[in-house]
Amino acid sequence: MKHVFNKGTNDNKPTLLLLHGTGGNELDLLPIAGMIDEKASVLSVRGNVLENGMPRFFRRLAEGVFDIEDLIFRTKELNEFLDEAAVKYGFDRHNVIAVGYSNGANIAASLLFHYQNALKGAILHHPMVPRKGIELPDLTGTPVFIAAGTNDPICPPSESEELQSLLEKANAKVELHWENRGHQLTLQEVEAAAQWYRGL
Ligand code: MLT
């Protein structure tokens, strides 16, 4: 997968896995990584799917309607890419924290839904429930920060609450943060995520 890897200055820190939104790329979220942990290594990946020229992490049939077969395939592909990247760049595969926005948050949530040890934790900005009706792996001790907008037309508040509840049923430790905004990624929610991260 197309990506950038920036080695951090402290090997004991997690590696931050950055996952952009629809139409973005691997450069978009780099400034956010610096706000969360300037000493951590950063692996920022570009989604392998194109929708009218816009990179995404998996196909969708319509807005908010996911191509589940492709979601499963792409989630596996990303998980395997993380295994390979950990060997290539020498980071701890068991200490990866995802930071995703929108479509990137959805594939990060999908990693949590499908694989027990894909992520040590996750910061999900404006995620949806990636898949309904499946049993999640045991996520005991996995910290997850969800940032949602009360007026988000793409991820309605009920969707954020459902995601929180599904993750909590799998024993993840979830914090749900609200902004009185829409789908945009706000500075305030990034600062809230950074504060949550410092408390880990
Ligand atoms: C998705 O397709 O993952 C969601 O609708 C969010 C987005 O627009 O990327």
Side-chain angles (χ1 to χ4, degrees), residues 1-3 16-33 43-79 81-82 96-115 118-119 121-134 136 144-167 172 174 176-190 192-193:
M1 298 182 80
K2 202 163 182 342
H3 65 279
L16 299 178
L17 167 67
L18 307 185
L19 302 163
H20 62 77
T22 299
N25 65 41
E26 66 279 17
L27 303 178
D28 288 3
L29 299 181
L30 291 175
I32 288 182
L43 176 65
S44 188
V45 185
R46 185 186 296 193
N48 260 348
V49 165
L50 281 180
E51 180 187 275
N52 301 322
M54 298 184 296
R56 286 177 53 85
F57 287 95
F58 56 88
R59 283 196 205 102
R60 61 180 164 182
L61 307 172
E63 183 157 311
V65 184
F66 301 156
D67 178 335
I68 296 299
E69 202 180 313
D70 192 58
L71 174 68
I72 294 167
F73 175 79
R74 299 292 170 190
T75 303
K76 181 168 184 281
E77 181 183 52
L78 179 59
N79 196 38
F81 172 75
L82 294 176
V96 175
I97 295 193
V99 182
Y101 169 58
S102 192
N103 183 245
N106 292 341
I107 193 99
S110 182
L111 281 171
L112 293 171
F113 270 46
H114 291 103
Y115 297 100
L119 298 174
I123 295 173
L124 308 176
H125 293 281
H126 304 268
M128 296 170 67
V129 174
R131 244 189 111 180
K132 313 243 174 184
I134 60 164
L136 272 61
V144 180
F145 179 89
I146 299 175
T150 50
N151 297 308
D152 188 334
I154 297 171
C155 313
S158 58
E159 185 96 12
S160 314
E161 281 157 4
E162 188 183 344
L163 180 61
Q164 175 183 30
S165 138
L166 290 169
L167 290 167
V174 185
L176 178 51
H177 170 90
W178 291 102
E179 294 281 326
N180 285 325
R181 302 291 285 272
H183 193 60
Q184 67 267 50
L185 179 56
T186 68
L187 180 61
Q188 287 86 337
E189 73 190 55
V190 174

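As the structure lists them, so they are numbered: ligands from 1, and atoms in each ligand from 1.
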Quick look: Asn103 vs ligand 1, heavy-atom contacts under 4.0 Å, and the answer is both
Quick look: His126 vs ligand 1, heavy-atom contacts under 4.0 Å, and the answer is neither
among protein heavy atoms, the one nearest atom 9 (O) of ligand 1 is Thr22 OG1, 2.5 Å
Atom 8 (O) of ligand 1 sits nearest the protein heavy atom Arg60 NH1, 3.2 Å
Notebook entry, point to check: Ile68 versus Ile72: any side-chain heavy-atom pair under 4.5 Å?
Noted result: yes
Distance filter under 4.0 Å to [X] heavy atoms, resulting ligand 1 atoms:
X      : value
Phe66  : 1 (C), 2 (O), 3 (O)
Asn106 : 1 (C), 3 (O), 4 (C), 6 (C)
Met128 : 4 (C), 5 (O)

- Query: Short N/O distance, under 3.5 Å, between Arg56 and ligand 1?
  - Reply: yes
**Q.** Aromatic centroids of His177 and Phe145 separated by under 6.0 Å
**A.** yes
_Is there a salt bridge (Lys or Arg N to Asp or Glu O under 4.0 Å) between Glu51 and Arg59? Walk through the geometry before answering._
CA-CA 8 Å; Glu51 180 187 275; Arg59 283 196 205 102; over 6 Å; no
Starting from the C-alpha separation in whole Å, work towards a yes-or-no answer on side-chain hydrogen bond (donor to acceptor under 3.5 Å, both in side chains) for His125 and Ser102.
CA-CA 6 Å; His125 293 281; Ser102 192; over 6 Å; no
Any cation-pi pair here, Arg60 with Phe58, using under 6.0 Å and within 45°? no
side-chain contact (heavy atoms from CB on, under 4.5 Å) evaluation trace for Arg181 with Asn151 = CA-CA 5 Å; Arg181 302 291 285 272; Asn151 297 308; over 6 Å; no
I'd like to know whether ligand 1 has Ser102 as a neighbour, heavy-atom separation below 4.0 Å.
yes
- request: Verify side-chain hydrogen bond (donor to acceptor under 3.5 Å, both in side chains) between Asn25 and His20, making sure each step is shown before the conclusion.
  value: CA-CA 6 Å; Asn25 65 41; His20 62 77; over 6 Å; no
